[in-house]
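The structure appears below as structure tokens.
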2 protein chains.
Amino acid sequence: MKKQPTREKLLDITFEEVYIHGYNATSVDAILKKAGVPKGSMYHHFKGKKELVLAMVQERLFPKMDMFFKYEVKEGSSVYDSLKFTLLTVSRNKMLVTYGCPLYRLMVELSATDKEFDALLSTKATQMKDGITSLLQSGQASGEFIDALDTDTFAAYMLNAVWGILSVSPSLSSSKQFLKQSNYILKELKTYKLD
Amino acid sequence: MKKQPTREKLLDITFEEVYIHGYNATSVDAILKKAGVPKGSMYHHFKGKKELVLAMVQERLFPKMDMFFKYEVKEGSSVYDSLKFTLLTVSRNKMLVTYGCPLYRLMVELSATDKEFDALLSTKATQMKDGITSLLQSGQASGEFIDALDTDTFAAYMLNAVWGILSVSPSLSSSKQFLKQSNYILKELKTYKLD
DNA sequence: CTATGACTAGACTAAATAGTCTAATATGAA
DNA sequence: TTCATATTAGACTATTTAGTCTAGTCATAG
């Protein structure tokens, strides 16, 4: 078993800790202890706590988000089915269902008070929304959805609503509840379907 | 201008600070400084920071939430119109639109790691959901909605979706966006309307 | 091999933090 | 007024925090 490079190990542990506890409740020492990395190593690789977490967001969090939202439709599959499949995949991810979306939770904690985090997280949120918009637009172009569908607004609604449902307290979350609730979003989208 | 009792002043300032910065990023000293209250007074009224914020949640946050969701229908008004009016009222509240729902944001920050906060906040969330459920049920009883409407699931969906739309980054929030997005929830509800 | 730069190691520091303590003062009941 | 209690006042403490520093080790290019 090859030893993982220090920087990568730090990013992995930082993701885990910040996901569960949030940015402010996560201490550098806790990360270092869990990662088994001495302080000097961390401050060699990163300027400080904030730099570490910003790097984690870009190198761990964003790729994870991209894994879920592929923004592409499988051959022979409709946009609607593609979005439905994404929601199903999300519902099967225990961590997501239990602890919510790590991007959204960080945004809720930090966007109001930290410009740099807000810039980074909001940009990704916008990119994801735009991805869904494109998907819906392609569905419009292919005749799957009627022109009356406001693709950009619906994409924002879908993203925010899913985040809202996902990120409630773990004690109120379950895979079944997520599926049932997010189904209303799909049902609404179906309203704009032609075939 | 009569001087506000210390305890009340502390609760007011604590709400403001925790709403914007969150629990962990708010220091006791910051609250005391802003409130102009010495430390001894605070620790006379509250056992500690956590007790102070728990009291704030019950005595300031919860009442504010109840102001928005009245769970009652005005004479001669439909349940649907009542919910629509609530969303309109929310959309006109600049703080809510900008900084999101204070209950939800606190839940996102703390519910995963703090049992006491989770118990308190989740109970209120459930109570609010149950309030909407009752409203929808009364609509069913009066023939406004068809029986196929799963009142409890729709209530949860509505609450969580609104929270999700409301609590995104301030840089992505606006009254107009909130209204347009939350309109999809109403549109879905309309699907179950009879008259 | 050896010199250089990358990385590790962890003791140490300065600041912020929540919380304590004791004395002073206000308030209200007898 | 007087006494007991509630409240104010803020200096002080213990702990945790992020971050610094210097000495050491490791890898590798020459």
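As a basis for the values below, the full set of heavy atoms in this structure was taken, side chains included, without hydrogen atoms, waters or symmetry mates. A, B, ... follow the sequence lines: proteins, then strands. Residue 1 opens every chain.
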Q177(B): side chain to side chain donor-acceptor pair (under 3.5 Å) partners, not counting sequence neighbours: Q181(B)

Please state how far atom CG in L10(B) lies from atom P in dA18(C), giving the value in whole angstrom units. 14 Å

Stretch residues 13-21 of chain A: residues that reach within less than 4.0 Å of DNA chain C through a heavy atom: none

Look at T6(B) and dT7(D) and indicate whether a side-chain polar atom (N or O) is within less than 4.0 Å of OP1 or OP2. no

Residues passing the ring pair (Phe, Tyr, Trp, His ring centres under 6.0 Å) test with F145(B), sequence neighbours excluded, are none

Identify all stems in which DNA chain D takes part, counting only runs of at least 3 consecutive pairs (Watson-Crick or G-U wobble, each distance under 3.5 Å), and give each as one range with another, ordered by first number. C:1-30 with D:1-30

Go along nucleotides 15-22 of chain D 5' to 3' and tag each nucleotide: B for a protein heavy atom under 4.0 Å from its base, S when only backbone or sugar atoms are that close, - otherwise. --SBBB--

Salt bridge present between E109(A) and R105(B) (N-O < 4.0 angstrom): no

Is there a side-chain contact between S111(A) and P170(B), using heavy atoms and a 4.5 Å cut-off? yes

Side chain proximity check, W163(B) to V108(B), heavy atoms < 4.5 angstrom: no

Given atom CD of E8(A) and atom P of dC7(C), what is their separation to the nearest angstrom? 12 Å

K33(A), NZ atom: more than 12 neighbouring heavy atoms under 6.0 Å: no

Output the single nucleotide from dT8(D), dG10(C), dC7(C) whose closest atom is nearest the side chain of H44(B). dT8(D)

Going by an N to O cut-off under 4.0 Å, is there a salt bridge joining R7(B) and E59(B)? yes

Closest non-hydrogen atoms of I185(B) and A161(B), given as atom of the first, atom of the second and distance, are CD1-CB, 3.8 Å

Nearest whole angstrom, please: distance from the P of dA18(C) to the NZ of K33(B). 14 Å

Rounded to whole Å, the NZ-P distance (K9(A) to dA9(C)) equals 14 Å

K50(A) charged N/C atom sitting above Y23(A) aromatic ring, 6.0 Å / 45°: no

Taking OP1 and OP2 of dA6(C), is either one under 4.0 Å from a side-chain nitrogen or oxygen of H45(A)? no

Pairwise side-chain contact, F68(A) with K64(A), heavy-atom cut-off 4.5 Å (strictly under): no

Output every pair passing salt bridge (Lys or Arg N to Asp or Glu O under 4.0 Å) with a member in residues 10-28 of chain B, not counting sequence neighbours, ordered by first then second residue. D12(B)-R60(B), E16(B)-K34(B), E17(B)-K34(B)

